[in-house]
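Every heavy atom of this structure was used, including side-chain atoms; hydrogens, water molecules and symmetry mates were not. Here the structure is a predicted model, which is why all the values come from computation and not from measurement.
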Amino acid sequence: MSTGTDTAAPALLPAAPAPAEEVRQAAPPPRPEPDAGHPARPARRPLRALGRRLRAVALRSAAILALLAVWEAAPRLGLADPTFLPPVSEVAAAWWELLGNGQLGQHTWASLVRSFGGFAIAVVVAVPLGLLIGWYRPVAALLGPLLEVFRNTAALALLPVFVLLLGIGETSKVSIVVYACVWPILLNTISAVGNADPTLVRLARSMDLSTPRLFQKVILPASVPAVFTGIRLAGAVSILVLVAAEMIGAKAGLGYLINASQFNFAIPQMYAGIVTISAIGVAFNQLLVTIERRLSTWRVPS
């Protein structure tokens, strides 16, 4: 009579290791190491990055190049009167002539001093005032109606008032630029402080941070994008308002150059001044974008 141990199924045992030859056959072949004659693949990455940058630049420049091509072709093909819209090549020649005789540099410098001076004063005044109004509700309730009245009053509508009160010199021109630039910066700063993350504010208060430290660590970093949106808008406004002011009463500046060229029927010089204003605006906006990125390095890229 056989016992239970005789008929029981044998216990599961670990499988025997495969022979060394089979393991070597199953393993993937090793990658060949690059030698001096064959550079590694990562060396191609800078070339690919350069190619992507060149494609991006070409894509961004396509619309500008198309506009210049249309501008050059339209007067020459009779689609526009060359007397009032000269080809872009003639405008470029006039721009180079103004640059060579020093007139363009003189007028550009006069406009930049007025525009950037008023813009800088507006930033220094509007950002702290916006932080104060956005943080303290009683101050916002007190100044809110007054701000609504002045921000809805066009700067150019007040230009005669500035001229009567401050004269036709530099003070009135800088003051009108300050007035026009204050409102975009001020309103965006107030909105940025009001929209700060309440969770972060409560967390900072729970850590017994003082008000200056709270502004430094929480409010200011969170407000940078909205504040710089207002600053960029103010940068564009500073140039536009100044040009209009220079057209009314000035003896130097790009606005004066455009107005005098139109009055003397020097149309290519007039367009040269307009192109110069556009180039300054684009360069100034790009500078502000670069500064904003430097101040917003803490943000997680989307």
Side-chain angles (χ1 to χ4, degrees), residues 57 60-61 63-122 155-156 159 162-163 166-178 180-181 232 234-288 290:
V57 171
R60 293 177 181 179
S61 304
I64 301 297
L65 295 177
L67 174 63
L68 295 178
V70 172
W71 187 356
E72 179 70 23
R76 297 188 182 280
L77 296 178
L79 302 178
D81 191 347
T83 304
F84 303 106
L85 184 65
V88 68
S89 57
E90 296 184 10
V91 174
W95 186 91
W96 187 258
E97 181 181 357
L98 290 173
L99 182 64
N101 59 28
Q103 294 186 41
L104 185 64
Q106 176 186 355
H107 293 301
T108 301
W109 176 253
S111 294
L112 290 180
V113 170
R114 297 164 182 162
S115 179
F116 290 170
F119 171 80
I121 295 173
L156 294 179
L159 180 59
F162 281 92
V163 173
L166 303 175
I168 60 174
E170 299 298 317
T171 305
S172 61
K173 298 178 181 60
V174 175
S175 299
I176 195 68
V177 172
V178 173
C181 293
R232 290 170 60 188
V237 169
S238 67
I239 298 176
L240 298 178
V241 171
L242 176 65
V243 169
E246 289 176 342
M247 288 181 176
I248 295 176
K251 294 183 178 180
L254 292 174
Y256 169 79
L257 173 64
I258 294 171
N259 196 36
S261 300
Q262 186 269 341
F263 183 78
N264 296 322
F265 214 73
I267 305 302
Q269 286 81 355
M270 182 189 73
Y271 282 104
I274 296 173
V275 170
T276 303
I277 292 174
S278 301
I280 292 174
V282 172
F284 189 39
N285 180 75
Q286 189 60 40
L287 175 63
L288 294 176
T290 304

Which is it for Val88 and Tyr271 under the side chain to side chain contact (heavy atoms under 4.5 Å, CB included) test, yes or no, and what are the steps along the way?
CA-CA 9 Å; Val88 68; Tyr271 282 104; over 6 Å; no

Take Leu242 and Ser111 through the test side chain to side chain contact (heavy atoms under 4.5 Å, CB included) and record every step on the way to the result.
CA-CA 7 Å; Leu242 176 65; Ser111 294; 4.0 Å; yes

For a quick test of reading the model, state the closest non-hydrogen atom pair linking Ser175 to Leu166 and the distance between them.
OG-CD1, 3.3 Å

CG of Leu156 to CZ of Phe162, rounded to nearest 0.5 Å, is 10.5 Å

Euclidean distance, Thr276 OG1 relative to Leu257 CG, rounded to 0.5 Å
7.5 Å

Output the distance between atom CE (Met247) and atom CG (Leu159), rounded to the nearest 0.5 Å.
12.5 Å

Ala260 backbone acceptor or donor facing Asn264 side chain under 3.5 Å:
yes

Aromatic ring pairing Phe284/Phe119, orientation class (parallel under 30°, perpendicular over 60°, tilted between):
perpendicular

With sequence neighbours left out, the residues meeting salt bridge (charged side-chain N to carboxylate O under 4.0 Å, His left out) with Glu170 are Arg114

Point-to-point distance, once rounded to the nearest 0.5 Å, from CD1 of Ile267 to OG of Ser261
8.0 Å

What are the two closest non-hydrogen atoms of Val237 and Ala180, and how far apart are they?
CG1-CB, 3.5 Å

Supply the atom-to-atom distance Gln262 CD to Gln269 CD, rounded to the nearest 0.5 angstrom.
13.0 Å

Looking only at atom types and distance, does a side-chain atom of Gln103 sit under 3.5 Å from a main-chain N or O of Leu98, one as donor and one as acceptor?
no

Okay, side chain of Trp71, backbone of Pro86: is any donor-acceptor separation there less than 3.5 Å?
yes

Taking all non-hydrogen atoms of both residues into account, name the closest pair between Ala110 and Ala252 and its distance.
CB-CB, 4.1 Å

Would you call the rings of Phe265 and Phe84 parallel, tilted or perpendicular if under 30° counts as parallel and over 60° as perpendicular?
perpendicular

Ignoring hydrogens, what is the shortest heavy-atom contact between Ile258 and Gly273? Give both atom names and the distance.
CD1-C, 3.9 Å

Between Asp81 and Thr83 (side chain of the first, backbone of the second, donor and acceptor by atom type, cut-off under 3.5 Å), is there such a pair?
yes

Within the side chain of Thr108, is there an N or O that forms a donor-acceptor pair under 3.5 Å with the backbone of Leu104?
yes

Between Ser89 and Arg76, what is the shortest heavy-atom contact and its length?
OG-NH2, 3.0 Å

Does any N or O in the side chain of Ser238 come within less than 3.5 Å of the main-chain N or O of Gly235, such that one atom is a donor and the other an acceptor?
yes

Between OG on residue Ser115 and CD1 on residue Ile239, distance to nearest 0.5 Å:
5.0 Å

With no hydrogens and no angle check, is any side-chain donor or acceptor of Glu246 less than 3.5 Å from a backbone partner on Leu254?
yes

